[in-house]
Asks: 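Got a structure here, written out as structure tokens. Questions coming.
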Amino acid sequence: MNKFLLAASVAAAVSLTSINAYSADASGGYVGVSLGHSTSDALDELDDVSGVSVDDSDTGYKVFGGYNINANFAVEGFYADLGELSATDGVNKAKVESDTFGAALLAKLPVGEKAEVFAKLGYQFWDADASVNGDDIDLGDDDGSDAVYGVGAAYKFNNVSIRVEYERFELDSEDVDLLSAGFAYNF
């Protein structure tokens, strides 16, 4: 029995040491950029209007930076351009462009030595600008603050990570989804 307890204690100590070593290696800062496809359901009610054409998707991008607290948690700040929505009846064209900045907490789960999956929850400050035929119009509440959340995965090559993620940016009662891929430099 004493040999079993000794062996279990040694195994536990070695396991904790390797977990702590991994956690120490996993801390540090990072900066990155990602590019993707943004979509919104904000103009869905116009899809059924005869003669109106709706484009509810665009290219979006994000610049981000953060700090890995350990192997399981990180904090991240970001700026994202969520692209443009537009509708036209062939004569008039209305469009809405939106962007946002904010911060999020990432809960990460390492999958092997180089890969991880993560979930994020954060808060953002967004701004939307609208125009009709090139002339700016007042949307009333054209800025605000709401939640942002998402999931993703990353794979690390030395100091560079490849990252794929899906995020939902809430803008009052409307949502913008961004599916993106990008790179991060870890330091």
Side-chain angles (χ1 to χ4, degrees), residues 29-67 74-108 116-155 160-185:
Y30 60 92
V31 294
V33 61
S34 58
L35 180 68
H37 183 75
S38 65
T39 58
S40 176
D41 57 3
L43 300 178
D44 281 354
E45 66 274 0
L46 295 177
D47 282 336
D48 297 330
V49 176
S50 178
V52 174
S53 174
V54 174
D55 183 2
D56 59 359
S57 63
D58 198 9
T59 300
Y61 68 88
K62 183 173 70 165
V63 178
F64 57 91
Y67 185 78
V75 292
E76 184 173 289
F78 62 87
Y79 167 80
D81 183 317
L82 301 175
E84 174 184 291
L85 304 173
S86 64
T88 184
D89 62 3
V91 176
N92 298 302
K93 181 176 183 178
K95 67 179 184 177
V96 178
E97 299 172 321
S98 57
D99 61 348
T100 183
F101 69 94
L105 176 65
L106 279 68
K108 306 183 304 177
E116 67 186 18
V117 293
F118 59 87
K120 67 168 47 176
L121 177 62
Y123 202 71
Q124 58 154 339
F125 299 91
W126 55 269
D127 181 55
D129 296 315
S131 64
V132 174
N133 297 332
D135 296 325
D136 291 342
I137 61 171
D138 185 10
L139 293 175
D141 287 339
D142 58 354
D143 59 7
S145 58
D146 287 291
V148 60
Y149 46 92
V151 294
Y155 189 84
V160 176
S161 297
I162 295 176
R163 181 168 157 163
V164 177
E165 62 187 306
Y166 165 80
E167 296 168 285
R168 172 157 285 180
F169 298 87
E170 294 183 357
L171 283 66
D172 278 343
S173 60
E174 309 300 336
D175 299 325
V176 177
D177 298 330
L178 179 63
L179 178 61
S180 64
F183 298 93
Y185 176 74

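Along the sequence shown, residues are numbered consecutively beginning with 1. Keep in mind it's a predicted model, so treat the numbers as computed, not measured.
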Asks: If we only count heavy atoms from C-beta on, is the Val117 to Val151 side-chain gap below 4.5 Å?
Replies: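 The answer is no, as the side chains (C-beta and beyond) never meet within the 4.5 Å cut-off.
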Asks: The criterion is side-chain hydrogen bond (donor to acceptor under 3.5 Å, both in side chains); which residues satisfy it with Tyr155, sequence neighbours excluded?
Replies: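 Applying side-chain hydrogen bond (donor to acceptor under 3.5 Å, both in side chains) to Tyr155 gives none.
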Asks: Could you pull out all residues at least two apart from Leu121 that satisfy side chain to side chain contact (heavy atoms under 4.5 Å, CB included)?
Replies: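 Result, side chain to side chain contact (heavy atoms under 4.5 Å, CB included) vs Leu121: Tyr149.
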Asks: With the side chain counted from C-beta on, respond yes when Leu35 and Val33 share a heavy-atom pair under 4.5 Å apart, and no when they do not.
Replies: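 No, too far: nothing below the 4.5 Å cut-off.
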Asks: What pairs of residues pass the salt bridge (charged side-chain N to carboxylate O under 4.0 Å, His left out) test when at least one of them lies in residues 80-93, not counting sequence neighbours?
Replies: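 Residue pairs passing salt bridge (charged side-chain N to carboxylate O under 4.0 Å, His left out), neighbours aside: Glu84-Lys95.
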Asks: Taking all non-hydrogen atoms of both residues, which atom of Phe118 and which atom of Ala153 are closest, and how far apart?
Replies: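 Shortest heavy-atom separation between Phe118 and Ala153 comes out as CE2-N, 3.5 Å.
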Asks: Taking side-chain hydrogen bond (donor to acceptor under 3.5 Å, both in side chains) as the test, write out the residues that go with Thr39, two or more places apart.
Replies: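 Not a single residue meets the side-chain hydrogen bond (donor to acceptor under 3.5 Å, both in side chains) criterion with Thr39.
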Asks: Would you please name every residue forming a side-chain hydrogen bond (donor to acceptor under 3.5 Å, both in side chains) with Tyr61, sequence neighbours left out?
Replies: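 With sequence neighbours excluded, Tyr61 shows a side-chain hydrogen bond (donor to acceptor under 3.5 Å, both in side chains) to no residue whatsoever.
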Asks: With sequence neighbours excluded, what pairs up with Thr100 under the side chain to side chain contact (heavy atoms under 4.5 Å, CB included) test?
Replies: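 For Thr100, the residues satisfying side chain to side chain contact (heavy atoms under 4.5 Å, CB included) (neighbours in sequence not counted) are Phe78, Ala80, Leu82, Gln124, Trp126, Phe169.
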Asks: Rounded at 0.5 Å granularity, tell me how far OG in Ser98 sits from CG in Asp129.
Replies: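 Rounded to the nearest 0.5 Å, the OG-CG separation comes to 9.0 Å.
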Asks: On a heavy-atom basis, which atom in Tyr67 and which in Tyr30 lie closest, and how many Å separate them?
Replies: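 Between these two residues, the closest heavy atoms are N-CE2, 3.6 Å.
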Asks: Mind checking what makes side chain to side chain contact (heavy atoms under 4.5 Å, CB included) contact with Val132, not counting sequence neighbours?
Replies: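 Side chain to side chain contact (heavy atoms under 4.5 Å, CB included) check on Val132 returns Ala94, Ile137.
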Asks: I'd like to know if the side chain of Asp127 and the backbone of Asp143 have a donor-acceptor N/O pair within less than 3.5 Å.
Replies: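 Here the side-chain-to-backbone pair does not exist.
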Asks: Would Val52 and Val54 count as a side-chain contact (heavy atoms from CB on, under 4.5 Å) if you check the C-alpha gap in whole Å, the side-chain angles of each, and the deciding distance to 0.1 Å?
Replies: CA-CA 7 Å; Val52 174; Val54 174; 4.2 Å; yes
Asks: How would you list, by chain and number, every residue that makes a side chain to side chain contact (heavy atoms under 4.5 Å, CB included) with Val164, sequence neighbours excluded?
Replies: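 Testing Val164 for side chain to side chain contact (heavy atoms under 4.5 Å, CB included), a comparison that skips the adjacent residues, returns Ala181.
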Asks: Residues two or more places apart in sequence or in another chain: which of them pass side-chain hydrogen bond (donor to acceptor under 3.5 Å, both in side chains) with Glu165?
Replies: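 Counting only residues at least two positions away or on another chain, Glu165 forms a side-chain hydrogen bond (donor to acceptor under 3.5 Å, both in side chains) with Lys62, Lys120, Arg163.
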Asks: Indicate the atoms forming the closest heavy-atom contact of Leu105 with Ala74, along with that distance.
Replies: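 Reported closest heavy-atom pair: CD1-O, 3.3 Å.
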Asks: I'd like to check the ring-ring contact (aromatic ring centres under 6.0 Å, His included) partners of Phe125; sequence neighbours left out, ordered by chain and number.
Replies: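 Partners of Phe125 by the ring-ring contact (aromatic ring centres under 6.0 Å, His included) criterion, ordered by chain and then number, come out as Phe101, Tyr123.
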Asks: Assess whether side-chain contact (heavy atoms from CB on, under 4.5 Å) is satisfied between Phe183 and Val160, documenting all intermediate values.
Replies: CA-CA 7 Å; Phe183 298 93; Val160 176; 4.2 Å; yes
Asks: Applying salt bridge (charged side-chain N to carboxylate O under 4.0 Å, His left out), can you list everything that pairs with Asp175, at least two apart in sequence or on another chain?
Replies: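 Per chain and number, Asp175 pairs via salt bridge (charged side-chain N to carboxylate O under 4.0 Å, His left out) with Arg168.
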Asks: So how far is it from Ser38 OG to Leu85 CG, rounded to the nearest 0.5 Å?
Replies: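 So the gap between those two atoms works out to 7.5 Å.
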Asks: What heavy-atom pair brings Ser34 and Ser180 nearest, and what distance separates the two atoms?
Replies: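 Between these two residues, the closest heavy atoms are OG-OG, 3.5 Å.
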